[in-house]
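First comes the structure, then the notes that go with it.
In what follows, chains carry the letters A, B, and so on, assigned in the order in which the sequence lines appear, proteins first and then strands, with residues in each chain numbered from 1.
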Number of protein chains: 2
Amino acid sequence: MFKRIIIAEDIDSENLGIVSSINALTQTEAETNQSCDKTLSRIKEAIIKEQPYDLLISDLSFNLDTRISHNITTGKELIHQVKNIQPDIKVIVFSGEDKPAIIKSLFDSYNINGYVCKGLYGLSELKKAISQVYLGNTCTCPVSKHALHQSNVTQLDPYEVQLLKLLANGYKQDEISLHFIEKGIEPNSKRSIEDKIRKLRQDFDAKTTIQLIHLVDGMGLIS
Amino acid sequence: MFKRIIIAEDIDSENLGIVSSINALTQTEAETNQSCDKTLSRIKEAIIKEQPYDLLISDLSFNLDTRISHNITTGKELIHQVKNIQPDIKVIVFSGEDKPAIIKSLFDSYNINGYVCKGLYGLSELKKAISQVYLGNTCTCPVSKHALHQSNVTQLDPYEVQLLKLLANGYKQDEISLHFIEKGIEPNSKRSIEDKIRKLRQDFDAKTTIQLIHLVDGMGLIS
DNA sequence: CTATCCTTTGTGGGAAACCACATAGAGTTC
DNA sequence: GAACTCTATGTGGTTTCCCACAAAGGATAG
């Protein structure tokens, strides 16, 4: 079983439950940190001391202590950085986030080993996931498995994301055109942007562009 | 100090931390339930047995077990119902939600006694709140206090909420007009609806109606 | 090389949204 | 009740958006 586990979880009321539950399972003392920066520096230290952690359990969103400044503000960034300096570390995400698009992107781009949604049975699912990941498998809890297996796990390419963000931020179609021309992004004609928006409306079954933005907002696709 | 405390919190990893922390403070055994329905029925039973609870600590959003059907699905509804059958019970909300509009509406419409945001120091803030509420005060943690004291705690009236919801759901202005006429809601002329939308755009400093929806979405005003 | 497909861009017309000016009625103040 | 304000609504004009048709350019298969 894992010997050195580190947890990144900001909410103090969660920490207690997670740590005691994990300690019972693994017969070892898991370490917990309430900020991403702290977690990363602890992982760095451990590598230098040649006692690297073998499992990172991380939340995704963090309430930041506003009195100090932060380099890393989300679990996603944290995982990215950690995988850079220690590619072989196992990573399980333990988060309340259940949006398919977000879960999928973590497996696709960040190569995580497990995803467990906080919820009614989150803790027991987390324990299962730890055992499975230790055996070399990847593991998803029922909730996230269901999310991943939805047929319409819409993925947007960077162009579409940027287009939608500009729309959401009050840009009109010709302003978007100008903006793309400035930035050298193509296609950038007024007409093409119109088409892209139309296509997105169709994909999302939106009657108006307003509804389109409402939908992608709700799916967390432009956050 | 409170003698009979009931907690509504769906996430199992939270329960452990909250309960042990509260028990230490109050020297009593708090009861916890993972669903709103269960919580309400326990409160009803307690009244019948003439051993009513004196404090409810409730989350706002609940992951629902999809295998069974639910009457109450949110903490807001739960609090409403509980206050109906036992007006003198004290209520503290313990939630990750930090949107000013939502926090404010709970104090205004549901008459809660305290609000604590889950976060870095959520548990210790919760303990403070329990003591304060026991003394008859209302209590907000620093995070929610800050949220409440923002100058622009925009509150929308029901008409505006409905208008924005229709827009978000793909209705065009003349469709909204027809819809309002059908429902007997006034004002309902195409022209007036246009004006209402314009006013909202100004209030929220939105350049387009698309941006307006994006903004109110983000503030949780139409969810 | 040619035929074909797909994407980008153009054009023009119609629909929806936006805006400025104006009128009517309800409620207030004096 | 006259003057005033505020809201709801109407009209007409401008802008923005939406859509159908089409031409130009690049990529690909045969």
Side-chain angles (χ1 to χ4, degrees), chain A residues 152-219 221-222, chain B residues 152-219 221-222:
Chain A
N152 47 351
V153 223
T154 331
Q155 289 288 80
L156 300 175
D157 64 38
Y159 181 92
E160 291 171 318
V161 172
Q162 203 171 354
L163 178 57
L164 290 166
K165 278 186 182 172
L166 290 171
L167 277 175
N169 288 318
Y171 282 62
K172 306 191 172 174
Q173 294 189 5
D174 49 358
E175 291 172 339
I176 295 175
S177 170
L178 291 173
H179 183 263
F180 279 180
I181 291 171
E182 273 177 27
K183 297 260 176 181
I185 299 170
E186 291 186 321
N188 52 33
S189 77
K190 199 169 168 322
R191 183 65 187 74
S192 298
I193 285 157
E194 199 189 302
D195 255 359
K196 293 287 184 193
I197 297 172
R198 190 207 316 265
K199 184 177 171 303
L200 286 166
R201 266 203 313 274
Q202 286 168 353
D203 291 349
F204 284 88
D205 233 343
K207 289 193 287 262
T208 63
T209 306
I210 295 177
Q211 187 183 19
L212 171 65
I213 295 299
H214 177 65
L215 291 171
V216 296
D217 250 335
M219 297 182 192
L221 292 171
I222 55 171
Chain B
N152 48 351
V153 225
T154 331
Q155 288 288 78
L156 300 175
D157 64 38
Y159 181 92
E160 292 171 318
V161 172
Q162 203 171 353
L163 179 56
L164 290 167
K165 278 186 183 172
L166 290 171
L167 277 175
N169 288 317
Y171 282 62
K172 307 192 172 174
Q173 294 188 6
D174 49 359
E175 291 171 340
I176 295 175
S177 170
L178 291 173
H179 183 264
F180 278 178
I181 291 171
E182 275 177 24
K183 298 259 177 183
I185 299 171
E186 290 185 321
N188 53 33
S189 76
K190 197 172 171 321
R191 183 63 187 74
S192 299
I193 286 158
E194 197 189 304
D195 256 0
K196 293 287 183 192
I197 297 172
R198 190 206 316 263
K199 184 177 170 302
L200 286 167
R201 264 203 313 274
Q202 285 168 353
D203 290 350
F204 285 88
D205 234 342
K207 289 192 288 263
T208 63
T209 306
I210 295 177
Q211 187 184 17
L212 170 65
I213 295 300
H214 177 65
L215 290 171
V216 296
D217 250 336
M219 297 182 191
L221 292 171
I222 56 172

- request: Go through the steps to decide whether A:Val161 and A:Leu221 satisfy the test side-chain contact (heavy atoms from CB on, under 4.5 Å), and finish with yes or no.
  value: CA-CA 7 Å; A:Val161 172; A:Leu221 292 171; over 6 Å; no

Could you walk me through whether B:Leu215 and B:Asp205 pass the side-chain contact (heavy atoms from CB on, under 4.5 Å) test, one step at a time? CA-CA 9 Å; B:Leu215 290 171; B:Asp205 234 342; 6.0 Å; no

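Within the nucleic acid shown, B:Lys196 comes within 4.0 Å of sugar-phosphate atoms alone, with no base atom in reach, counting heavy atoms only. Here A:Lys207 lies out of heavy-atom contact (under 4.0 Å) with every strand.
Within the structure, side-chain hydrogen bond (donor to acceptor under 3.5 Å, both in side chains) contacts touching residues 188-197 of chain A (residues at least two apart or in different chains) are A:Ser189-A:Ser192, A:Arg191-A:Asp195, A:Asp195-A:Arg198.
A donor-acceptor pair is defined here as one N or O able to donate and one able to accept, closer than 3.5 Å; such a pair exists between the side chain of B:Gln211 and the backbone of B:Lys207.
The outermost nucleotides of DNA chain D lying under 4.0 Å from heavy atoms of chain B, listed 5' to 3', are D:dA8 to D:dT11.
With rounding to the nearest 0.5 angstrom, the OG1 atom of A:Thr209 is 5.0 Å from the CD1 atom of B:Ile210. Rounding to the nearest 0.5 Å gives a distance of 9.5 Å between CG of B:Asp217 and CG of B:Leu212.
Classified by interplanar angle (parallel below 30°, tilted 30° to 60°, perpendicular above 60°), the ring pair A:Phe180/A:Tyr159 is tilted.
Closest of all the heavy-atom pairs between A:Leu163 and A:Ile197 is CD2-CG1, 4.1 Å.
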Its contact letters, B for base, S for sugar-phosphate only and - for none at protein heavy atoms under 4.0 Å, make nucleotides 9-23 of chain C read BBB----SSBBBB--

